[in-house]
Trainee: 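The structure under discussion is supplied below as structure tokens; questions concerning it will follow.
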Amino acid sequence: KHRFSPIGSSMDSVRHASSAPVASFQLSPSCALKLQKGDITVWSVDGSTDAIVNAANERMLGGGGVDGAIHRAAGPELLEACKKVPEVRAAVRCPTGEARITPAFRLPVAYVIHTVGPIYDMDRHSDVSLRNAYKNSLKVAKENNVQYIAFPAISCGVYRFPYKEASRIAISTVKEFSEGLKEVHFVLFSDELYNIWLETAQELL
Ligand code: ADP
């Protein structure tokens with residue numbers, strides 16, 4: 001299988017536009033955790049077995065934050081694909097904590113996995129819902145033979161989840177459900193998020 005990186009590259013197989021450092025950990029003997037600061041829309045490792053995760057909303061018709069960035073970079077075909085995902089009830093294509101998959105169109109990955117994290121405080125079970133968003137994204141990834149997956153910090157934008165608590169749920173859940181994947185990446189959009197994820201990985205792994 002074609003891999004982009006030259007042999008001996010210290011960046012391993014990671015190919016992305018930024019030159020931000022990548023911190024590596026092991027979730028299990030066969031699955032690595034990689035943390036980097038950056039823009040998830042330019043992330044890819046292998047292309048054909050890659051997926052990025054979108055912090056979407058239940059309607060799945062785009063939005064602000066990482067959702068808007070992913071739709072802009074993927075092109076209008078992504079919205080058309082999202083519209084084809086059946087509604088489970090009025091205006092709900094992906095209930096909170098669940099995940100749906102579409103092609104990634106103009107993005108350098110094969111799939112976008114759309115998940116919906118909880119709005120912090122407005123959901124008394126927001127920790128369970130955040131865990132489910134990670135767990136179900138990984139389940140859908142494995143069902144589609146994804147080997148490399150990148151997550152943003154789900155619910156850490158307009159959904160206001162506290163970063164430290166979100167990082168503990170994120171890293172512990174991907175550790176628990178990493179079997180079958182080669183690498184799980186977090187692409188964090190700010191220094192603050194990156195530093196918190198790094199500290200939590202050092203604590204938990
Ligand atoms: P949510 O509604 O789940 O809170 P947001 O999109 O508001 O989703 O925020 C989720 C996280 O994604 C935030 O930490 C935000 O800073 C981050 N983010 C926004 N744009 C990008 C991007 N292009 N790549 C990676 N992360 C991003």
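It should be emphasised that the depicted structure is a prediction, and the values quoted were computed from it without experimental measurement. Atoms within each ligand, like the ligands themselves, are counted from 1 in listed order.
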Trainee: Would you kindly specify which portion of Leu188 sits under 4.0 Å from ligand 1, judged on non-hydrogen atoms: side chain, backbone, both or neither?
Mentor: neither

Trainee: Which of the numbered atoms in ligand 1 are under 4.0 angstrom from any heavy atom belonging to Ala55?
Mentor: 3 (O), 8 (O)

Trainee: Identify the protein heavy atom lying closest to atom 19 (C) of ligand 1, giving its residue, its atom name and the separation to 0.1 Å.
Mentor: Val66 N, 3.5 Å

Trainee: Between Glu98 and Arg100, is there a side-chain N and carboxylate O pair less than 4.0 Å apart?
Mentor: yes

Trainee: Should Arg160 be counted as touching ligand 1, given the test is an N or O pair under 3.5 Å?
Mentor: no

Trainee: Give a yes or no on whether Lys139 atom NZ has more than 12 heavy-atom contacts from other residues, nucleotides or ligands under 6.0 Å away.
Mentor: no

Trainee: Counting heavy atoms only, which of Phe186, Tyr163, Phe189, Trp43 comes nearest to atom 17 (C) of ligand 1?
Mentor: Phe189

Trainee: So does Glu203 pair up with Lys164, basic N to acidic O under 4.0 Å?
Mentor: yes

Trainee: Name the closest protein heavy atom to atom 4 (O) of ligand 1, giving the residue it belongs to and the distance to 0.1 Å.
Mentor: Gly157 N, 2.9 Å

Trainee: I'd like to know if the side chain of Thr41 and the backbone of Ile70 have a donor-acceptor N/O pair within less than 3.5 Å.
Mentor: no

Trainee: Could you please spell out the steps behind the side-chain contact (heavy atoms from CB on, under 4.5 Å) verdict for Phe25 and Leu35?
Mentor: CA-CA 9 Å; Phe25 299 85; Leu35 310 178; 3.9 Å; yes

Trainee: Only heavy atoms of Leu193, strictly under 4.0 Å: list the atoms of ligand 1 that pass.
Mentor: 14 (O)

Trainee: Give a yes or no on whether the backbone of Asp46 and the side-chain of Ser44 come within a donor-acceptor separation of less than 3.5 Å.
Mentor: no

Trainee: Has Glu179 got more than 12 heavy atoms of other residues, nucleotides or ligands less than 6.0 Å from its CD?
Mentor: no

Trainee: Do Gly65 and ligand 1 have an N or O pair less than 3.5 Å apart?
Mentor: no

Trainee: Mark the output for Gly117 as yes if a heavy-atom distance to ligand 1 is under 4.0 Å, and as no if none is.
Mentor: no

Trainee: With distance as the sole test, does Arg93 use its side chain to make a donor-acceptor pair with the main-chain N or O of Val85 at under 3.5 Å?
Mentor: yes

Trainee: What do you reckon, does Asp39 have a nitrogen or oxygen under 3.5 Å from a nitrogen or oxygen of ligand 1?
Mentor: yes

Trainee: Identify, for atom 24 (N) of ligand 1, the protein heavy atom at the shortest distance, and state residue, atom and that distance.
Mentor: Ile40 N, 2.9 Å

Trainee: Can the ring centres of Phe186 and Phe151 be said to be less than 6.0 Å apart?
Mentor: yes

Trainee: So which heavy atom in the protein is nearest atom 10 (C) of ligand 1, and how far is it from that ligand atom?
Mentor: Ala153 O, 3.3 Å

Trainee: Any N or O of Ser155 that comes nearer than 3.5 Å to an N or O of ligand 1?
Mentor: yes

Trainee: Show the atoms of ligand 1 that are less than 4.0 angstrom away from any heavy atom in Val158.
Mentor: 2 (O), 4 (O), 7 (O)

